[in-house]
Amino acid sequence: MIQKILIANRGEIALRIIRACREMGIKSVAVYSQADKDSMHVALADEAYCVGTAKSADSYLKIDQIIAAAEVGNVDAVHPGYGFLAENAHFNEVCRSSGFEFIGPSPQAMEKLGDKNTARSMAIANDVPVVPGSDGLIDANTDATQIARDIGFPVLIKATAGGGGKGMRVAETEADLETALNQARTEAGAAFGNSGVYLERYVTSPRHVEVQVIADNHGNVCHLFERDCSVQRRHQKLIEEAPSPNLPESRRKAICDAAVRMIRGAEYGNAATVEFIVDKNDDFFFIEVNARIQVEHPVTEAITGIDLIKEQIRVASGEKLSFAQDDVSCTGHAIECRINAENPDKNFMPNPGKITRLFTPGGLGVRFDSHVYGGYSVPPHYDSMIAKLIVHRPTREEAIATMRRALLEMQVEGIETTASFHDKVLQHPEFIAGTHDTKFVEREFTG
Ligand code: ADP
């Protein structure tokens with residue numbers, strides 16, 4: 001049984017994991033950088049160890065320091081959260097070989113799914129629809145032009161090691177192809193040390209729909225329905241909701257079943273998200289698997305009533321899932337807005353600094369997951385997300401109304417946030433109709 005967990009992360013997700021641990025009677029150990037010494041995750045964990053200086057590369061990404069903290073803290077397991085080392089198969093392996101359970105899938109499953117081209121082949125093998133594209137990587141011996149012609153322009157060049165939208169380029173026509181290929185390869189090589197790329201048809205006006213899956217190590221795999229994350233800017237999600245608006249019931253079932261097939265086929269244990277794009281005909285195509293808990297997991301917790309972090313910990317302890325697929329039902333509608341320390345009127349420029357006053361929203365159906373407090377200084381070194389505001393109401397219409405009043409209640413002084421942007425999105429006819437796609441923000445808000 002797991003009795004003590006080190007959390008290899010910071011911010012709201014570190015708090016989220018500390019909360020689950022405390023409710024389960026598990027001790028928690030925080031790690032922190034010098035810049036985070038006044039952070040709530042340090043204050044709320046049972047123990048905390050400094051692992052280095054402000055820069056992530058010198059602290060939250062320092063595997064040897066984190067393992068040393070796990071040894072000193074005498075923990076049983078490590079929860080990586082999201083970002084930082086969460087999808088690093090080497091860290092996963094080092095945790096296990098040092099005697100700590102890693103709260104996530106096996107390093108083998110993580111590695112295979114982390115390579116997008118391999119994941120794409122696995123999807124094909126498990127009868128999960130993929131975007132029409134190249135059969136493997138494009139190398140010097142492949143005729144990229146002929147493949148792109150067969151797929152049909154525009155085509156999307158994707159880095160097999162890609163993440164965060166890096167190494168992705170659109171070629172609108174044959175004339176753009178070579179330059180776009182070279183740009184994608186160079187960017188991927190610099191960012192990931194792997195310049196492998198492949199081609200996919202560029203789906204116009206897609207919606208981003210992803211399925212939350214959880215699997216134990218006894219062969220049980222369940223989905224917890226889907227989330228729509230089409231409100232994005234530069235491939236970064238801003239608003240997520242569950243269930244997906246306007247997705248016909250038969251498609252919902254088909255996409256959730258496909259996600260379960262994918263995870264079962266990958267021999268995967270723990271929480272995963274299978275991401276798809278959905279086109280205008282409601283046809284869906286696999287894009288990638290995220291082998292970790294995601295930022296937007298609370299909307300799924302809201303509609304299913306399942307605590308995903310606790311379930312992750314139970315599965316990592318070797319227990320079976322505490323429910324079967326038939327026990328999982330979807331109630332009401334949930335929306336999450338990511339509150340970032342950014343100025344939406346200045347092209348979302350990061351705006352770290354001191355929060356001089358904070359009032360947090362509340363009331364029926366409101367959840368506020370955050371690590372910040374009045375007097376806290378948002379450091380400039382990390383992700384700009386300072387809070388997640390989540391609402392859960394019986395209908396989408398009510399959820400939108402509750403979110404709007406909660407955004408109004410929330411008062412953050414001293415720094416700019418994205419709250420005003422969210423309020424504009426929530427009033428937009430396309431969002432209200434639920435017909436928006438992944439280009440909606442660019443088209444309607446940022447030009
Ligand atoms: P990353 O891991 O770099 O974020 P993804 O494969 O998850 O890359 O894709 C990021 C986003 O790019 C998706 O949410 C979707 O909006 C868009 N996208 C990905 N593949 C396609 C495609 N074939 N056609 C159109 N848009 C795509």
Side-chain angles (χ1 to χ4, degrees), residues 83 87-89 110-126 128-211 229-230 232-237 258-259 262 266 272-279 283-292 294 437-439 442:
E87 288 180 281
N88 183 316
M110 185 176 268
E111 187 146 22
K112 276 195 266 173
L113 292 170
D115 184 82
K116 289 189 180 193
N117 184 51
T118 308
R120 184 180 152 86
S121 310
M122 288 164 79
I124 296 167
N126 289 292
V128 174
V130 298
V131 190
S134 60
D135 191 9
L137 298 178
I138 302 289
D139 60 27
N141 300 320
T142 38
D143 184 349
T145 310
Q146 189 54 50
I147 294 170
R149 271 187 209 142
D150 293 345
I151 296 169
F153 283 93
V155 295
L156 184 64
I157 301 149
K158 280 183 150 179
T160 189
K166 284 211 180 78
M168 250 181 357
R169 282 288 184 286
V170 181
E172 296 285 349
T173 65
E174 223 169 290
D176 305 331
L177 187 63
E178 190 162 323
T179 314
L181 264 172
N182 288 337
Q183 284 174 344
R185 281 201 185 104
T186 309
E187 193 171 292
F192 314 112
N194 176 351
S195 57
V197 296
Y198 61 98
L199 298 186
E200 266 181 16
R201 180 191 296 157
Y202 184 63
V203 178
T204 46
S205 307
R207 283 172 284 155
H208 175 111
V209 178
E210 58 184 35
V211 180
C229 315
S230 301
Q232 306 184 348
R233 179 178 169 271
R234 297 190 180 161
H235 303 304
Q236 299 290 322
K237 298 163 187 167
M262 182 75 198
T273 297
V274 187
E275 296 192 334
F276 298 89
I277 48 178
V278 177
D279 72 10
D283 285 328
F284 60 86
F285 307 98
F286 167 82
I287 50 174
E288 69 168 341
V289 174
N290 287 319
R292 54 170 162 80
Q294 286 195 269
D437 57 43
T438 59
K439 295 284 169 251
E442 263 162 57

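Just the heavy atoms: all of them, side chains too, but no hydrogens, waters or symmetry mates, feed the values below. Values in this document were obtained by computation on a predicted structure and should not be read as measured data.
When all heavy atoms are compared, the tightest approach of Val128 to Ala258 is CG2-O, 3.4 Å. Taking every heavy atom of both residues into account, Ala144 and Leu181 meet most closely at CB-CD1, 3.7 Å. When all heavy atoms of Ser134 and Ile147 are compared, the closest pair comes out as CB-CG2, 3.8 Å. Of all heavy-atom pairs between Ile151 and Gly133, the closest is CD1-CA, 3.6 Å. Summarising the geometry of Leu113 relative to Ala119, their closest heavy-atom pair is O-CB, 3.8 Å, with the distance given to 0.1 Å. Closest approach of Asn117 and Gly136 over heavy atoms only: OD1-CA, 3.6 Å.
Note that CD1 of Ile287 and CD1 of Ile277 are 5.5 Å apart. Values are rounded to the nearest 0.5 Å. Rounding to the nearest 0.5 Å places CD1 of Ile157 at 9.0 Å from CG of Asp176. Rounding to the nearest 0.5 Å gives a distance of 4.5 Å between CE of Met122 and NZ of Lys112. In this structure, Asp150 CG and Asp143 CG are separated by 9.0 Å, a value rounded to the nearest 0.5 Å.
Among residues two or more places apart in sequence or in another chain, the salt bridge (charged side-chain N to carboxylate O under 4.0 Å, His left out) test is passed with Asp437 by Arg443. Residues satisfying the side-chain contact (heavy atoms from CB on, under 4.5 Å) test with Ala272, not counting sequence neighbours, are Ile263, Tyr268, Val289. Partners of Ser121 by side-chain contact (heavy atoms from CB on, under 4.5 Å), not counting sequence neighbours: none found. For Asn141, the side-chain contact (heavy atoms from CB on, under 4.5 Å) test picks out Asp139, with sequence neighbours left out. With sequence neighbours excluded, no residue forms a side chain to side chain donor-acceptor pair (under 3.5 Å) with Thr145. Partners of Lys237 by salt bridge (charged side-chain N to carboxylate O under 4.0 Å, His left out), not counting sequence neighbours, listed by chain and number: Glu210, Glu275, Glu296. Not counting sequence neighbours, the partners of Glu87 by the side chain to side chain donor-acceptor pair (under 3.5 Å) test are Arg292. Applying the salt bridge (charged side-chain N to carboxylate O under 4.0 Å, His left out) rule to Asp283 yields the partners Arg251; only residues at least two apart in sequence or on another chain are considered. With sequence neighbours excluded, the residues forming a side-chain contact (heavy atoms from CB on, under 4.5 Å) with Ala89 are Met110, Glu111, listed by chain and number. By the salt bridge (charged side-chain N to carboxylate O under 4.0 Å, His left out) test, Glu174 pairs with Arg149, sequence neighbours left out.
Contact annotation: the side chain of Phe285 approaches that of Pro132 to within less than 4.5 Å [non-hydrogen atoms, C-beta and beyond].
Side-chain atoms of Thr438 do not come within 3.5 Å of backbone N or O of Arg207 as any donor-acceptor pair. Looking at Asn182, its side chain never comes within 3.5 Å of a backbone N or O of Thr179 through a donor-acceptor pair. Between the Arg120 side chain and the Phe286 main chain, no donor and acceptor come within less than 3.5 Å of each other.
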For residues 189-201, run the donor-acceptor check on the side chains, cut-off 3.5 Å, and write out each pair with its distance to 0.1 Å, sequence neighbours left out.
unit_1, atom_1, unit_2, atom_2, d
Asn194, OD1, Gly196, N, 2.9
Glu200, OE1, Lys158, NZ, 3.2

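Applying the salt bridge (charged side-chain N to carboxylate O under 4.0 Å, His left out) definition to pairs two or more places apart or across chains, those involving residues 159-173 are Arg169-Glu187.
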